[in-house]
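Everything on this sheet refers to the single structure shown next.
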Amino acid sequence: MFSVVHIAHVAALGIISCACVVSGSGGASATDDAIRNKLARKECTRGKFKDYYLQGEGGDPSPDYKGRVYKLSQDYPIQVPPKEAYPWLKIPFKDGGPVDSRAYLQALLDYGTEGNIEAGFYVEDNKVRKWYGAPWMDWNTEVASDWPGTDGREYVHGLTHEFDTAGNTFGEKQSEFVDTWAQAYVNDRYAFALGQVYCDPDDPRPGALNPDPTGFNSMPDGSFVIKLLFSTVTEAELPTVKGALEWDADIYVNKSPRYRNAGPLSRFERRLGKVRLIQIDLQVRDERSPTGWLLGTYGYDGNAKGDTPWQRMVPLGLQWGNNPKVTFAESCSGPSGPCDYEKLTEQWINLQAVKDLATPPLNFNHLGFGGRLAGPVDNPKSSCMGCHQTAGFPMVPILAEFAPNSAILKLDAETHPETAQSVRMTYFGNVLGGSVFSDTQLYSADYSLQLAMGLQNFVSLRCAKDASPPRPSLCGELDDWAKLQKKAIDQVQVFGTPGDGGAPLKPQ
Ligand code: HEC
């Protein structure tokens with residue numbers, strides 16, 4: 001099991017209430033390109049976002065570094081670029097999902113890597129089409145216990161630090177912690193939506209993902225992301241990582257999060273080291289999906305057929321919904337299975353790969369809650385779509401375990417995933433892309449956790465007490481939000497309690 005704590009950005013007062021089971025087709029939510037273009041803000045400022053952690057403030061490469069330095073591709077288009085004849089559109093859908101999930105996933109991988117492999121994923125050099133990155137990941141705090149900002153993009157490839165994988169997670173020989181470093185690249189239609197939110201880089205408007213206020217706050221159909229996940233794991237620790245794509249990256253010298261997090265900050269020192277491509281995540285907005293999105297993943301297997309590391313990536317699964325009505329006890333017989341995947345009809349799992357990856361010396365478990373799809377370096381209490389459906393501003397807990405009510409209900413997915421389904425299943429709903437997950441959120445980020453996290457990173461610096469003016473409008477909204485959330489909770493406690501002369505008691 002991955003003993004990994006996930007992100008810190010938990011809304012302190014967040015009470016989750018959501019209408020997660022949404023029926024109907026994602027198609028109903030679509031705003032067409034002409035309307036988006038007509039209403040799009042066009043006078044936008046570009047080129048202002050930092051590229052990497054502490055750029056210009058001590059995070060720069062040393063003078064003897066001769067390699068390439070990462071630059072954020074941030075010239076987001078101000079009109080929606082036309083849709084292409086995307087290869088995944090050739091695959092028909094039946095009952096909400098593709099008739100051939102393996103072929104669909106392959107089409108996503110082909111599109112996401114075309115021209116990018118040749119460019120070494122310095123995507124601004126792609127000769128086939130334009131690619132971009134999300135802003136505000138240079139100053140990032142993804143992992144709950146990490147020090148503020150320290151997970152931010154490194155300078156070689158712009159990778160951010162993600163989950164630390166505890167010993168014995170991948171296989172018998174991996175006895176120490178290994179770190180994950182990752183980066184996501186978005187296509188032009190996705191970039192248009194990001195560019196609308198950040199039209200004024202000093203005053204982001206999360207509600208402008210779709211310029212049409214009468215529509216869902218959604219990205220245009222055909223929006224696409226490819227995310228590469230690298231690990232510091234070596235072949236000695238994980239035999240199947242042999243021949244994996246290897247990159248240099250400016251990563252932590254100390255691999256153990258326990259040691260780093262005890263501080264001081266100098267324990268987060270970074271130095272050039274090697275990371276290996278272990279997982280590829282893909283995410284596409286396809287209006288044929290009941291949620292509006294499909295998320296899929298590949299894992300690296302050095303024993304697979306193929307001449308290049310890219311060809312040795314094995315498809316693990318694809319998800320277009322969470323099957324919100326299937327409780328844990330219905331799909332799995334106990335905390336460590338076995339699970340009946342047939343019950344989960346809104347996903348495809350490569351069962352052969354599940355078996356191969358769990359055969360000694362390997363020890364992978366890349367499935368999430370109740371047998372739903374998650375990745376080898378993801379949290380097994382969750383699922384791809386489970387975490388991503390929560391994306392919005394402010395961020396809310398992405399897992400039942402991270403929510404404040406978890407402590408009261410004593411949730412523990414490792415021992416008793418089958419209990420407290422009325423809370424747990426909230427995290428396995430089918431939120432329609434562009435609508436909010438929880439009524440404690442102001443804006444949907446349409447399944448984009450990088451957008452949600454970037455906004456959180458933005459406010460953490462720009463709304464701080466000592467931040468230099470002008471104060472972004474989001475800070476005021478956040479202040480009001482916090483007061484009203486507190487008031488709503490206070491009111492629950494005094495509701496019906498008589499005050500002076502029997503009048504209703506006012507919350508403080
Ligand atoms: C435990 C929660 C969790 C699970 C499970 C999860 N993700 Fe994510 N994912 C995140 C967070 C948080 C981010 C944003 C930060 C980042 O990029 O590291 C993210 C980022 C991404 C991105 C970059 C674009 C975006 O939306 O931010 C893609 C693509 C992605 N995930 C795909 C997947 C796929 C495919 C799966 C399942 C195989 C998956 N994720 C499982 C939490 C999760």
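Order of listing sets the numbers, starting from 1, for every ligand and every atom in it.
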Strictly under 6.0 Å, is that where the ring centroids of H157 and F230 end up? no

Less than 6.0 Å separating the ring centroids of Y252 and F268? yes

Ring-face cation contact, Y300 with R276, 6.0 Å cut, 45° max: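 Verdict for Y300: no cation-pi partner in R276.
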
Would you mind listing which atoms of ligand 1 come within a distance below 4.0 Å of any non-hydrogen atom of [X]?
{"X": "E142", "value": "12 (C), 15 (C), 16 (C), 18 (O)"}
{"X": "T297", "value": "38 (C)"}
{"X": "E162", "value": "16 (C), 17 (O), 18 (O)"}
{"X": "Y447", "value": "26 (O)"}
{"X": "A184", "value": "23 (C)"}
{"X": "S382", "value": "1 (C), 5 (C)"}
{"X": "I398", "value": "2 (C)"}

Does S383 come within less than 4.0 angstrom of ligand 1, counting non-hydrogen atoms of the residue? yes

Could you tell me if any non-hydrogen atom of G296 lies under 4.0 Å from any atom of ligand 1? yes

So which bit of [X] gets within less than 4.0 Å of ligand 1, heavy atoms only: side chain, backbone, both or neither?
{"X": "Q319", "answer": "neither"}
{"X": "L449", "answer": "both"}
{"X": "C384", "answer": "both"}
{"X": "V186", "answer": "neither"}

Out of Q283, M395, H388, whose heavy atom is nearest to atom 21 (C) of ligand 1?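 Considering heavy atoms of Q283, M395, H388, the nearest to atom 21 (C) of ligand 1 sits in H388.
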
Please work out which of A134, G112, C387, S448 has its closest non-hydrogen atom nearest to atom 3 (C) of ligand 1. C387

Are the charged groups of D51 and K71 less than 4.0 angstrom apart, N to O?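 Salt bridge flag = yes for K71 with D51.
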
Contacts of type side-chain hydrogen bond (donor to acceptor under 3.5 Å, both in side chains), residue E401, not counting sequence neighbours: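 Partners of E401 under the side-chain hydrogen bond (donor to acceptor under 3.5 Å, both in side chains) test: R424.
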
Which value, rounded to the nearest 0.5 Å, describes the distance between H161 atom NE2 and T141 atom OG1?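 H161 NE2 to T141 OG1: 11.5 Å, rounded to 0.5 Å.
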
Straight-line distance of Y53 OH to T150 OG1, nearest 0.5 Å: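 One gets 5.5 Å once the value is rounded to the nearest 0.5 Å.
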
Take Y111 and N187, measure what side-chain hydrogen bond (donor to acceptor under 3.5 Å, both in side chains) needs, and give me the verdict at the end. CA-CA 10 Å; Y111 174 84; N187 76 350; 3.0 Å; yes

Return a yes/no value for Q450: is any of its N or O atoms, backbone included, closer than 3.5 angstrom to an N or O of ligand 1?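 Yes; at least one N/O pair falls below 3.5 Å.
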
Could you verify whether a donor N or O on one side chain and an acceptor N or O on the other, from N430 and E346, lie under 3.5 Å apart?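 Yes, because at least one side-chain N or O of N430 sits under 3.5 Å from a partner of the opposite role on E346.
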
Answer with yes or no whether the side chains of T31 and N210 bring together a donor and an acceptor at under 3.5 Å. yes

